[in-house]
Amino acid sequence: MICSYIDDIYLLADALTKQDDIRLIRRKDYISNPKPNGYRSLHLIVSVPIFFAESTKEVKAEVQIRTIAMDFWASLEHQIKYKKNVEHAEKVIARLKECADEIAHVDETMQEIRIEMDNIKEETTDVEALYEKLKKIDINFM
């Protein structure tokens, strides 16, 4: 699952695991505790019911939730990592880690901007305020 903001990852994970038919088995938070290579994502191992005509079977599934930026990095890192005969591999690994750190910083900045924008109280005009009041009036014409 791909989200726009870091906070959305945790909101989505909570909503998913609060469902009464989904059981959380294990949670791996690579956002709070990134892997050494810089990988960030939230992994949930869950058990979900699969309904058949005669029975229901519990099946394990892994759900990975990350931001658009985290997914971008993970996709490219995966492609690059599996190239064969890479000269100066340690240098490439270090550069990928730098990119992961920069992307994490961008994710955090975007989250801060979102919070700032959500906290801005929009000024309503007199006409808009009147319209809102009129919408709340319950009048029966009989």
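These numbers come from a predicted model, not from an experiment.
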Decide side-chain contact (heavy atoms from CB on, under 4.5 Å) for D8 and R114; before the verdict, give the C-alpha distance in whole Å, the side-chain angles of both, and the deciding distance to 0.1 Å.
-> CA-CA 11 Å; D8 291 343; R114 176 192 189 187; 2.8 Å; yes
Spatial distance of atom [atom1] ([X]) from atom [atom2] ([Y]) [nearest 0.5 Å]:
| X | Y | atom1 | atom2 | answer |
| --- | --- | --- | --- | --- |
| L11 | I65 | CG | CD1 | 10.5 Å |
| I120 | M117 | CD1 | CE | 4.0 Å |
| K35 | K97 | NZ | NZ | 13.5 Å |
| N37 | E77 | CG | CD | 5.0 Å |
| I45 | E62 | CD1 | CD | 4.0 Å |
| T17 | L24 | OG1 | CG | 6.0 Å |

Do [X] and [Y] have side-chain heavy atoms sitting under 4.5 Å apart?
| X | Y | answer |
| --- | --- | --- |
| F72 | C99 | no |
| R27 | L44 | yes |
| I31 | M70 | yes |
| D101 | R40 | yes |

Do [X] and [Y] share a hydrophobic cluster (ILVMFWY, side-chain heavy atoms under 4.5 Å, transitive)?
| X | Y | result |
| --- | --- | --- |
| L42 | L12 | yes |
| I68 | I103 | no |
| Y39 | I9 | no |
| F51 | V59 | no |

Do E58 and D21 pass the side-chain contact (heavy atoms from CB on, under 4.5 Å) test, and can you show the C-alpha distance, the side-chain angles, and the key distance before you say yes or no?
-> CA-CA 10 Å; E58 291 288 320; D21 60 342; over 6 Å; no
Aromatic ring pairing Y30/H43, orientation class (parallel under 30°, perpendicular over 60°, tilted between) | perpendicular
Hey, mind stepping through V106 and E102 against side-chain contact (heavy atoms from CB on, under 4.5 Å) and telling me if it holds?
-> CA-CA 6 Å; V106 169; E102 289 174 25; 5.6 Å; no
With distance as the sole test, does [X] use its side chain to make a donor-acceptor pair with the main-chain N or O of [Y] at under 3.5 Å?
| X | Y | value |
| --- | --- | --- |
| Q111 | D7 | yes |
| W73 | L96 | yes |
| T67 | C3 | no |

Specify the closest pair of heavy atoms between [X] and [Y], including all atoms of both residues, with the distance to one decimal.
| X | Y | answer |
| --- | --- | --- |
| G38 | A100 | O-CB, 3.4 Å |
| S41 | Q64 | OG-CB, 4.0 Å |
| Y10 | S32 | OH-OG, 3.6 Å |
| F52 | K57 | CE1-CB, 3.7 Å |

